[in-house]
Amino acid sequence: MNAQSYNAALADLRTVRDAIKKARAELSKLEADRDRQVVQLASHAKAKAERIAPAAGLSVADVVALAPALAPDHLAAADNVSQPQPPASEPSLAQTVSQAVQQSQPDAAAPSTGAGRPQPAAEPTAAEAAERRAPQAPPEPRSLPSVPEGVVGDAWFAHTTGLASTRPNFIQQARSTVFLDAATGVLVHRDQTHRLDLGAASAAEILTAVFRTLPEGVERIYITAGDPWHHDADRYPYLRDAVAAWLNAPTPGWRTDTGRGRDRMAGHFVHARNPVGRYQRENSEQHVEIRSVGEWFDVDGDTPHTVRDAFVLLWQALRRHWNDAVLMGSPSQTGRDLWTRTIPTRGQHADGFPVLSEELRGLLHATAGQGRNELLTPPRVPEQLPELVEYDRTFAYAKHTWKSPVGTPRRITAATFAAWSEKEQMRALYGCGHWQVRVRVPDTWNHVGLLPAPAPGDRAWHYPAEPGTTFTTWAGGPELHTALTNPIQPWKIEILDGILWEDGKPLDDWARKLKETWTNLSAQAHFQGDAQQARAAHLASRAVRSILLYGIGSFAQRPRMVTGTTPRSLERDVPPDAEIIGFDDELITWQKPTGFARDPNAHPEWAAAIWSAARAALLTQRHRDDDTYAGTLHTPPGTVVAFRTDALYLTQPHDWPYHHQPGDYLLRGRLTGPVTAPTSEEELLTLREAGRAALTAEREA
């Protein structure tokens, strides 16, 4: 893209922005009218939230938020139950490195001074939209759960009976797969190429065209381009609504798949960008999935042929390490399946890896965040940046899989921790643990925040950095160790409670094989003479990254959501605890949480440990071979603009070592200034793309 086309695209983007503003204004009027009618209906003596919710296209919780008098009795009673409080302050950690950990000050509310964490494009509920329109006091940070005192809490420190990760005794079956460009109709099946007439590219039209061309049938259709689920997006306020409508549109001769086999996956998966449609032919055992190849890697005008070659190269590379490797529908499924095939058949863990109690899994789910995403805005950074430099940690999570928690967890109370020697305390903090702590930012601190603290919103985190701020949170050992030993000034930390495991290597063999596969494919991409094969090898290497990244994420095992539909004529049958996510003239589409499944591969302790180590490495990381350090704390104060999972955005470049190894800081973009400091995630992403384009142009010049 040259400068002229770039400026033209910016002009088009501004036009779209203005259209979005107008549409949002109209939507706000409609939502305000709906909310007014909900409140009016609530004044009826026999009004019930369960009746009003489906009529309004809201969940019961949204209706209750608008009309609290409609709260069901059991919910109103629950509001009066006192919330668990953090354990009382006990003797703090003493005599540690530089006497960093001192008796903390009494609890104080953490001020909202740090830049908030940019969230993915979350779709607000009606209640949230109503709250945004109404003036109100700043929201309070959410409270994190604690382990109950006494025998009740002690019972959490066990494994779930009869549930463990074990090596499979079967071989996965490969699925017949095709690659379809929904924009051009080009279909690639093995070494054959077809051109289909897809019409409007509805799910029904895609299924009809594919099975007319390949009557013997296929089991998986990857969409490489075209995003057919977005074709009617302008009719809906959110992309999710458009996707849900596309997935749930009538498919004559087919019905929604209810799942089968050992990798049973039932129903459609509604996702704004990478949805999954699962269908079964009526009166037949024929099953097929329609998926987005974007689950595996980002395509940039790549043809279905190149995408097919990437999957072939990926499968061949994995087979060098797993002779029974099979590419499943998603990278997370593939990653977990490959991991189970590295579980040892002899030795300490031959019987598998037991799954934690549901209570501990729930605690980790609520208290262990994932990547650090934070935007620092003026006055914490200059209004005009001298430049914007992006560093991205290459294949970052692969660097932090060498040590993971195993065995039965132990509870470490504040009294127990205080009774240990300094050596025992530091060994515990450096080990595999998850700790509830009271933190105080040093009075003279002038850099970024080091530890995550709960912020308002579901699973939202921020990183307090204001001197003197005190807050209570949960954090992993790597982050606490970094806070205590950082190169600027030790933070003051008081241990309130903790979960401690033995150190083990359950992921080491799996990650080592994936890293070798990634290295091999990256080399092919670099040295391959054929441009298409080089591109295919690059895409395959990105797919390996996704296998490891999403494989780790799948260990976290979030509480499951079930999606369903109910005819408009039977709207009373919508589950009362469901959230309405879409509707049309015939169907209401809803989703509801179902809690934790009995998943034998649920290990949130592994995901939490890796995420904690990755966040710590964004702050400081030693390069032993170069005898130097890299990371945020090795930059001048006021030069950090943003964090995005494994990327840093700075106002000046740094000469950090890069050896193409996992975890190394790669210079990805550089935009010369002056650059107006971004104040939103959208502005940051726009500058990111401009910086990457500028660096590419500079290198090609």
Side-chain angles (χ1 to χ4, degrees), residues 174-214 217-233 239 242-243 246-247 268-279 287-318 326-334 521 524-525 528 530-547 549-550:
R175 302 282 174 84
S176 176
T177 302
V178 297
F179 302 90
L180 174 64
D181 184 329
T184 64
V186 172
L187 176 79
V188 174
H189 177 230
R190 297 175 183 168
D191 59 349
Q192 301 175 1
T193 302
H194 308 272
R195 186 172 292 275
L196 311 184
D197 181 3
L198 299 178
S202 66
E205 289 168 311
I206 289 175
L207 292 172
T208 299
V210 169
F211 280 85
R212 181 190 299 124
T213 304
L214 302 170
V218 297
E219 296 177 276
R220 188 173 293 139
I221 302 170
Y222 277 120
I223 304 298
T224 64
D227 296 342
W229 35 80
H230 292 164
H231 280 187
D232 289 330
L239 279 179
V243 171
W246 188 88
L247 290 171
H268 302 316
F269 175 61
V270 181
H271 186 279
R273 302 291 178 185
N274 299 313
V276 181
R278 301 185 177 98
Y279 303 92
H287 305 259
V288 64
E289 291 180 329
I290 300 178
R291 311 187 72 111
S292 169
V293 80
E295 294 180 86
W296 293 84
F297 41 68
D298 292 329
V299 292
D300 184 15
D302 299 296
T303 67
H305 301 84
T306 302
V307 174
R308 179 223 31 215
D309 291 348
F311 274 82
V312 171
L313 288 174
L314 173 63
W315 175 75
Q316 291 173 340
L318 291 173
V326 170
L327 297 183
M328 302 179 70
S330 69
S332 62
Q333 288 174 281
T334 304
L521 289 168
Q524 287 187 54
Q528 173 62 251
D530 182 271
Q532 179 173 317
Q533 287 301 301
R535 177 63 180 171
H538 171 73
L539 294 178
S541 71
R542 299 297 292 173
V544 175
R545 174 187 177 274
S546 296
I547 288 173
L549 178 68
Y550 296 120

Would you name the heavy atoms of [X] and [Y] that are closest together and state the gap between them?
X	Y	value
D181	A225	OD1-CB, 3.6 Å
G199	E205	CA-OE2, 3.8 Å
A233	A242	CA-CB, 3.8 Å
I290	Y279	CD1-CE1, 3.9 Å
A182	P228	CB-CD, 3.9 Å
I206	A201	CD1-O, 3.9 Å

Is any side-chain heavy atom of [Y] closer than 4.5 Å to one of [X]?
X	Y	answer
P275	L247	yes
L327	R175	no
L521	V544	yes
V188	T224	no
V299	V293	yes
H230	R273	yes
E295	P331	yes
V288	E219	no

Could you tell me which residues satisfy ring-ring contact (aromatic ring centres under 6.0 Å, His included) with F311, sequence neighbours excluded, listed by chain and number?
F179, Y222, W296, F297

When rounded to the nearest 0.5 Å, the distance separating CG of L549 from CZ of R542 is 9.5 Å

Look up atom CG in D191 and atom NE2 in H305, then write down how far apart they are to the nearest 0.5 Å.
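Those atoms lie 10.0 Å apart.
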
Sequence neighbours excluded, which residues qualify as side-chain hydrogen bond (donor to acceptor under 3.5 Å, both in side chains) partners of H189?
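Partners of H189 by the side-chain hydrogen bond (donor to acceptor under 3.5 Å, both in side chains) criterion come out as none, since no residue qualifies.
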
Considering only distance and modelled atom types, tabulate donor-acceptor pairs under 3.5 Å from the side chains of residues 531-539, sequence neighbours left out.
from, atom 1, to, atom 2, distance (Å)
Q532, NE2, D309, OD2, 3.0
Q533, NE2, D309, OD2, 3.0
R535, NE, D302, OD1, 2.9
R535, NE, D302, OD2, 3.3
R535, NH2, D302, OD2, 2.9

